[in-house]
Structure formats: structure tokens, C-alpha cells
Amino acid sequence: MAFRGRLRLAGAALALTALGGVALAAEPEKAATDKPQTDRPLGVVELFTSQGCSSCPPADELFAELAGKDDIVALAYHVNYWDYLGWQDTLSTKENTERQYDYMRAFGSRSVYTPQAVINGRSHVNGASRKDVDGALARMDRTGEGMRVAIKVSRTSDRVIIDAGDAGNGPADAHVVIVYFDPPQMVKIGQGENSGRSLTYWNAVSDIQTAGMWHGKAQRYELPMTEIAKKGGCAVLLQSVGKDGMPGPILGAAFIHKP
């Protein structure tokens with residue numbers, strides 16, 4: 001479903017706010033209470049979807065399968081521009097819609113649509129097409145456009161430690177982006193194009209924040225465990241950003257598992 005009208009969306013790229021309590025540790029405490037988790041997944045799938053879009057349920061079903069895979073970081077961004085059709089998406093946020101519009105500008109597109117799957121921050125395909133999604137992930141893995149930087153996540157009793165690896169001769173700068181999402185939930189849709197359907201949504205993004213900058217060399221970041229524990233789920237993306245502030249390729253990613 002395409003949307004060609006213009007929306008005046010406020011906010012800068014990624015619509016990010018400062019994450020309180022995040023600091024770079026010069027000599028951090030060893031993570032003794034949990035073994036480090038090494039994550040270099042096959043790729044990142046960001047699905048832009050809406051409860052009010054009749055084309056989205058097949059994409060949501062495919063996304064549920066992707067969310068269950070250990071080697072894919074799957075995140076669902078519910079957008080709000082279809083609310084006028086009669087049903088207000090209960091999981092949508094203005095920031096999610098802004099992120100899709102930022103991708104639109106980064107890709108040089110003229111409109112946004114649902115269901116749209118952005119793969120590794122590099123390209124977009126029909127989110128309901130298994131062939132297109134799987135094909136894009138496999139192609140980027142073969143051509144070196146997959147997760148090039150290892151992300152290790154470990155934890156102590158009071159903090160989460162994120163170790164971003166070295167890029168070698170690769171890109172020099174990226175944002176460390178923390179993406180919070182809700183646990184799986186079923187929604188009964190009362191109006192609009194999907195009226196009467198009960199659909200289960202996975203990894204619906206609720207907040208996006210920036211934890212710091214990465215400059216191509218191995219670097220460590222810390223998050224307070226209290227910030228992670230009160231959320232449904234959490235992932236970290238190492239994402240380059242263009243000079244115009246638009247989101248670029250995702251270089252590394254991992255889930256941050258709760259205790």
C-alpha cells in the first residue's frame with residue numbers, strides 16, 4: 001500500500017534522544033556474571049507496517065518467522081499515516097514514521113509504502129515477499145554488505161556491556177543505536193481495512209535512542225541494567241549516518257537479552 005501525500009514530520013534523522021546513564025568506560029569492570037555473547041548475524045530486517053493496511057498481514061506473518069530466527073535481527077516499526085482509514089494503530093509512533101521517511105530520502109525514493117522491509121539499512125523490498133527478503137539478505141552476505149563489524153554483548157549484575165569490534169579498512173564512523181521493542185502481543189482490530197481480525201505482532205519498536213559514536217576501532221559502551229530490564233526487548237545497531245543526517249548501512253547488530 002503506497003502513500004503519496006506529503007506529511008510534515010518534525011524531527012531529525014532517526015528521531016533520537018539522549019540515553020541517560022550511558023558512558024564509555026576507559027577500564028570497564030569485567031562481566032563476571034554472564035558470558036559474552038558474540039553476534040554477527042546474517043542481517044537486519046526492519047519492517048514498516050500498519051494495523052490499518054490490508055496488505056500488511058502477510059508481511060507480519062513472515063516477519064514473525066524472521067523474528068524467531070537466531071541469525072536475524074528483526075524489528076517492526078508501526079507507522080501512523082494509515083490511521084485516517086478508520087483504525088489507529090495501537091503500536092505506531094511518530095518516530096517510527098519519521099524513520100521510514102528518513103530512509104525514503106536516503107534511498108532517493110519519492111514515497112513511502114507498507115509493507116516495506118529495509119535490509120541492512122541498504123535497500124528495501126516488499127515486506128510480504130519471502131523471496132525478496134531472503135534474496136536480499138543472501139546477496140548482501142555474499143557481497144560483503146552484511147554485518148561486517150562484530151558486536152559482543154555481556155552483562156554484570158547492574159550493567160550491559162556492548163563491545164563493538166574493529167572495522168579494519170572499512171568505514172570509520174557510525175552511531176550506536178539502541179532500539180527498544182515490545183513483547184509479542186495480539187491486537188483485535190475493530191475498524192478499518194483489517195476490521196474483525198486478531199493479529200499477533202512481534203518486536204514492535206517503542207523507542208529509538210543513541211548510545212554513542214563508533215569511530216572504526218574497537219570500543220566499549222555501557223548501559224544501566226535498569227534501563228534494559230524495564231523494556232520488552234532491546235537490540236543494538238551499529239549504523240552509519242550520512243552527512244545529511246540520513247540513516248545509512250547497518251554494519252553490525254545484536255540483541256541485548258534481559259536477565
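Nothing fancy with the numbering, it's 1 onward along the sequence.
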Between [X] and [Y], is there a shared hydrophobic cluster once you connect ILVMFWY residues whose side-chain heavy atoms come closer than 4.5 Å?
X: M140; Y: L42; value: yes
X: F255; Y: V177; value: yes
X: L137; Y: L251; value: no
X: F48; Y: V205; value: yes
X: V125; Y: Y101; value: no

- Evaluate the side-chain contact (heavy atoms from CB on, under 4.5 Å) criterion for residues V153 and I161: first the C-alpha distance (whole Å), next the side-chain angles of each, then the deciding distance (0.1 Å), finally the verdict. CA-CA 6 Å; V153 177; I161 298 169; over 6 Å; no
To the nearest 0.5 Å, tell me how far [X] [atom1] sits from [Y] [atom2].
X: D163; Y: Q219; atom1: CG; atom2: CD; answer: 10.0 Å
X: Y180; Y: S206; atom1: OH; atom2: OG; answer: 9.0 Å
X: D182; Y: H78; atom1: CG; atom2: NE2; answer: 9.0 Å
X: C56; Y: N194; atom1: SG; atom2: CG; answer: 7.5 Å
X: L223; Y: D158; atom1: CG; atom2: CG; answer: 12.0 Å
X: T226; Y: K231; atom1: OG1; atom2: NZ; answer: 10.5 Å

With a 4.5 Å heavy-atom cut-off, do [X] and [Y] have their side chains touching?
X: E222; Y: R159; answer: yes
X: E65; Y: R130; answer: yes
X: T200; Y: V187; answer: no
X: V73; Y: V45; answer: no
X: V160; Y: M225; answer: yes
X: H257; Y: I228; answer: no
X: L199; Y: M186; answer: no

- Trace of the side-chain contact (heavy atoms from CB on, under 4.5 Å) decision for V133 with I119: CA-CA 8 Å; V133 172; I119 312 298; 4.2 Å; yes
- Apply side-chain contact (heavy atoms from CB on, under 4.5 Å) to the pair D207 and I178, showing each step before the final yes or no. CA-CA 8 Å; D207 194 16; I178 307 300; over 6 Å; no
Has the side chain of [X] got a donor or acceptor atom that lies under 3.5 Å from a matching backbone atom of [Y]?
X: Q51; Y: D89; value: no
X: R148; Y: G252; value: no
X: R122; Y: E145; value: yes
X: T114; Y: Q116; value: no
X: T97; Y: N80; value: yes
X: Q239; Y: G248; value: yes

Report yes or no: do [X] and [Y] form a side-chain donor-acceptor pair below 3.5 Å?
X: H215; Y: D173; result: yes
X: D132; Y: S129; result: yes
X: Q100; Y: Y81; result: yes
X: Y103; Y: E46; result: yes

- Could you tell me which residues satisfy ring pair (Phe, Tyr, Trp, His ring centres under 6.0 Å) with F63, sequence neighbours excluded, listed by chain and number? none
Please report the shortest heavy-atom distance between [X] and [Y], naming the atom on each side.
X: V79; Y: S92; answer: O-CB, 3.4 Å
X: N120; Y: G146; answer: ND2-CA, 3.7 Å
X: V118; Y: F107; answer: CG1-CZ, 3.9 Å
X: V176; Y: W214; answer: CG2-CB, 4.2 Å
X: P115; Y: A128; answer: CG-N, 4.1 Å
X: P57; Y: C53; answer: CD-O, 3.4 Å

- Message: Around atom CH2 of W87, are there more than 12 heavy atoms from other residues, nucleotides or ligands closer than 6.0 Å?
- Response: yes
- If you draw a 6.0 Å radius around CD in Q185, do more than 12 non-hydrogen atoms from other residues or ligands fall strictly inside? yes
- Message: Looking only at the aromatic ring of each residue, does the gap between the centers of H124 and Y113 stay below 6.0 angstrom?
- Response: yes
- Using the side chain to side chain contact (heavy atoms under 4.5 Å, CB included) rule, pick out the option among N96, L47, V179 that qualifies with L75. V179
- Item | Residues which pass side chain to side chain donor-acceptor pair (under 3.5 Å) with S55, listed by chain and number, not counting sequence neighbours | none
- Could you go through the salt bridge (charged side-chain N to carboxylate O under 4.0 Å, His left out) check for R105 and D102 one step at a time? CA-CA 5 Å; R105 287 184 280 270; D102 286 339; 2.9 Å; yes
- side-chain contact (heavy atoms from CB on, under 4.5 Å) between S123 and R139: does it pass, once the steps are laid out? CA-CA 11 Å; S123 68; R139 175 178 54 79; 3.9 Å; yes
